[in-house]
Amino acid sequence: MRLSRYFLPILRENPKEAEIVSHRLMLRGGMIRQEAAGIYAWLPLGLRVLNKINAIVREEQNRAGAVELLMPTIQSADLWRESGRYEAYGKEMLRIKDRHEREMLYGPTNEEMVTEIFRAYVKSYKDLPLNLYHIQWKFRDEVRPRFGVMRGREFLMKDAYSFDLDEAGARHSYNKMFAAYLRTFARLGLKAIPMRADTGPIGGDLSHEFIILASTGESQVFCHKDFLDYDTPPADIAFDDRATMQGVFDRWTSQYAATEEMHDAGKFGALPADKQVSARGIEVGHIFYFGTKYSEPMKAVVNGPDGKETPVQMGSYGIGPSRLVAAIIEANHDEAGMIWPESVAPFTVGLANLKVGDSATDAACADLYAKLEKAGVDVLYDDRDERPGAKFATLDLIGLPWQAIVGPKGLAEGKIEVKNRRSGERATLSLDEALNRLTAKTA
RNA sequence: CGGGGUAUGGCGCAGCCUGGUAGCGCAUCUGCUUUGGGAGCAGAGGGUCGCAGGUUCGAAUCCUGCUGCCCCGACCA
């Protein structure tokens, strides 16, 4: 992409409303625009990151056996009356009437609807287990939205729903999502720690929040230091093997880890002092096992092997991709701006032409740009007629992992500079060497 | 939902107390000079001062009502 033809509205000054670093940087970097309290438009750069996160989330859901569909944002109130949550959910649910005065709502979550879909088609235990998920916009009319997309009213959520015949099966489904979440967050460059959680209004008796540690986190969390060094389950792990999945779960729940609400100061205090981690955390995922809470009132039943109708055992599993964009920034930035992990970077390489109009510089840039594109590298070519300082500042701000800096001084020696945004490491290379390095990095 | 702020060009702000030509920096546009860490000079454009009433010869400024947005607390992917 040529920057001169892109839409990247960078702000030089800090917007006054942005209190936390991710919000500030997302506004400055032209990633989002606030349209109302807690409601944001995703500008091109922000959308690229969001889409990359979605792609990783999707891959890991699919790997764990979940099946993607897409449910609507608008739901019927009647559906929610069946589960009893239409009254229970309260003011956080945005209620709407259509032209026929029918009561509708903008979905804050989808347990009811997915249960309705399930019961309409699945009648036999032979069709289980089943896990359906979608990535869809949700609306929760928070009393006080804040921190940009970290706590928006409208937000994107990946929500998966598992259906099993019995509790043992449901636990396996839970464990599969548990493992998939560990993999997902690791691929996003985050160290997420599962912590036992309150089940809240979703209900149920088994629940974990996935928390990343960041100084600006909203909640206080406590955990055993060893978690920080645990290995992520490999891509080829046997998701369908119950013992293997239980092993992952057991290992990642073997040490103390809790959010403030579930904190047990006594247990935590019993850990060796050098293993006690007390930090701020950001919740980036939440999984629940809630049995027949919805299947019973909504009559989602299957015939078991014994021929009897049995309400299915359910669980739900949420990840907030829009919140993750902010969370990743909170965990990856410096004074100059964002520092994207390569897996979610909006572009992998920023190519800076330091002297637009200089024929040698223009030619070298055009050549490198074409070759990088051909090699399948996402490259943002800063071909604007700006001074070098402005280009460096822009590239540092938007945090692309690699910067290829091409100017007349280096070209006189046949060299360009390749800079790593995270380490600050610079290498002076020939065009070919630079091309090799930059394509190798994204292989 | 309680408490506290705030609203003036795209962004950041001053002006309001004490009513009288709407201003500054950045950004934008034009020209020239510049070009390896957010350039310099010269010129230009852009604002019914959140909305609605009221007071007044005259309101960004004073009064009343409303709305948006932000912050602090209790709740949440």
Side-chain angles (χ1 to χ4, degrees), chain A residues 9-20 23-24 27-28 30 33-39 57 89-93 107-111 135-160 181 197-202 207-212 218-219 259-261 282-288 316-327 335-337 352-358 361 382 384-397 403 405-412 415-417 419 424 426 428:
Chain A
I10 299 272
L11 303 178
R12 263 182 84 148
E13 290 175 85
N14 280 324
K16 63 175 175 180
E17 73 271 18
E19 288 289 306
I20 63 167
H23 190 195
R24 200 156 60 224
L27 289 169
R28 283 200 56 209
R33 165 139 188 107
Q34 182 172 336
E35 293 297 340
I39 298 177
V57 167
Y89 217 92
K91 288 187 146 180
E92 222 171 88
M93 186 154 71
T109 178
N110 281 63
E111 280 83 4
I135 300 176
Q136 178 63 288
W137 294 96
K138 303 293 187 290
F139 194 92
R140 293 183 188 174
D141 200 356
E142 301 275 348
V143 194
R144 191 181 158 212
R146 61 185 133 172
F147 303 146
V149 297
M150 188 82 85
R151 172 158 316 296
R153 291 194 292 170
E154 186 186 56
F155 61 97
L156 194 60
M157 181 159 87
K158 184 287 299 177
D159 38 328
Y181 275 34
D198 220 351
T199 53
I202 310 263
S207 176
H208 287 85
E209 291 180 354
F210 287 76
I211 306 271
I212 61 161
E218 285 192 85
S219 45
T259 58
E260 205 163 18
E261 307 83 64
I282 300 170
E283 181 186 347
V284 290
H286 201 159
I287 62 179
F288 303 84
S316 74
Y317 314 91
I319 291 181
S322 51
R323 169 182 283 188
L324 272 167
V325 176
E335 315 72 49
N353 181 337
L354 296 191
K355 193 165 184 179
V356 170
D358 176 88
T361 315
D382 189 348
R384 297 172 304 164
D385 188 12
E386 290 285 345
R387 297 169 61 83
K391 299 197 173 190
F392 295 137
T394 298
L395 284 180
D396 285 348
L397 173 64
Q403 299 177 5
I405 299 161
V406 181
K409 283 189 187 171
L411 281 181
K415 305 282 190 183
I416 71 163
E417 193 170 88
K419 177 185 157 188
R426 295 160 184 272
T428 303

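Quick note on labels: first sequence line is chain A, next is B, and so on, each numbered from 1. None of the values given here were measured: they were computed from a predicted structure.
The side chain of A/Arg12 places an N or O atom within less than 4.0 Å of a non-bridging phosphate oxygen (OP1 or OP2) of B/rA27. Contact annotation: A/Lys91 side-chain N/O to B/rC1 OP1/OP2 distance is under 4.0 Å. Taking side-chain N and O atoms only, A/Arg387 has no distance below 4.0 Å to OP1 or OP2 of B/rG38. Contact annotation: A/Gln34 does not reach the phosphate of B/rG68 (side-chain N/O to OP1 or OP2, under 4.0 Å).
B/rG43 and B/rC29 make up a base pair, with Watson-Crick or G-U wobble contacts both under 3.5 Å. Pair check for B/rC69 finds B/rG5; Watson-Crick or G-U wobble, both atom distances under 3.5 Å. Across all strands shown, B/rC75 forms no Watson-Crick or G-U wobble pair with both distances under 3.5 Å. With a cut-off of 3.5 Å on both Watson-Crick or G-U wobble distances, the partner of B/rG38 is given as none. Of all nucleotides present, none satisfies the Watson-Crick or G-U wobble test against B/rU55 with each distance under 3.5 Å.
With B/rG38, B/rC75, B/rG36 as the candidates, the nucleotide lying closest to the side chain of A/Thr394 is B/rG38. Side-chain proximity of A/Phe392 to the nucleotides B/rC69, B/rG73, B/rG37 is greatest for B/rG37. Between B/rA74, B/rU6, B/rG38, one nucleotide has an atom nearer to the side chain of A/Ile10 than all others, and that is B/rG38.
One can find a donor-acceptor pair under 3.5 Å joining the base of B/rG38 and the side-chain atoms of A/Arg28. For A/Glu386 against B/rG38, a side-chain-to-base donor-acceptor contact under 3.5 Å is absent. For B/rG12, the base has no donor-acceptor partner in the side chain of A/Asn14 [N/O atoms by modelled type, under 3.5 angstrom]. With hydrogens and angles ignored, no donor-acceptor pair closer than 3.5 Å exists between the side chain of A/Glu13 and the base of B/rG38. Side-chain N/O atoms of A/Arg426 and base N/O atoms of B/rG37 include a donor-acceptor pair closer than 3.5 Å.
Mapping A/Leu156 and A/Ala18 onto RNA chain B by nearest heavy atom places A/Ala18 closer to the 5' end of the strand. Of the residues near RNA chain B, A/Glu19 and A/Val406, the one whose nearest nucleotide (by heavy atom distance) lies more toward the 5' end is A/Val406.
Contacts of A/Gly90 with the nucleic acid, taken as non-hydrogen atoms under 4.0 Å apart, are absent. Using a 4.0 Å heavy-atom distance criterion, A/Glu209 is classed as making no nucleic acid contact. Across all strands shown, A/Glu17 has heavy atoms under 4.0 Å from sugar-phosphate atoms exclusively, and none from any base. Across all strands shown, A/Gly410 has heavy atoms under 4.0 Å from base atoms, whether or not it also approaches the sugar-phosphate. The residue A/Leu11 sits apart from the nucleic acid: no heavy atom pair falls under 4.0 Å. No contact: A/Asp358 has no heavy atom under 4.0 Å from any strand. Heavy atoms of A/Ala352 sit nowhere under 4.0 angstrom from any nucleic acid atom.
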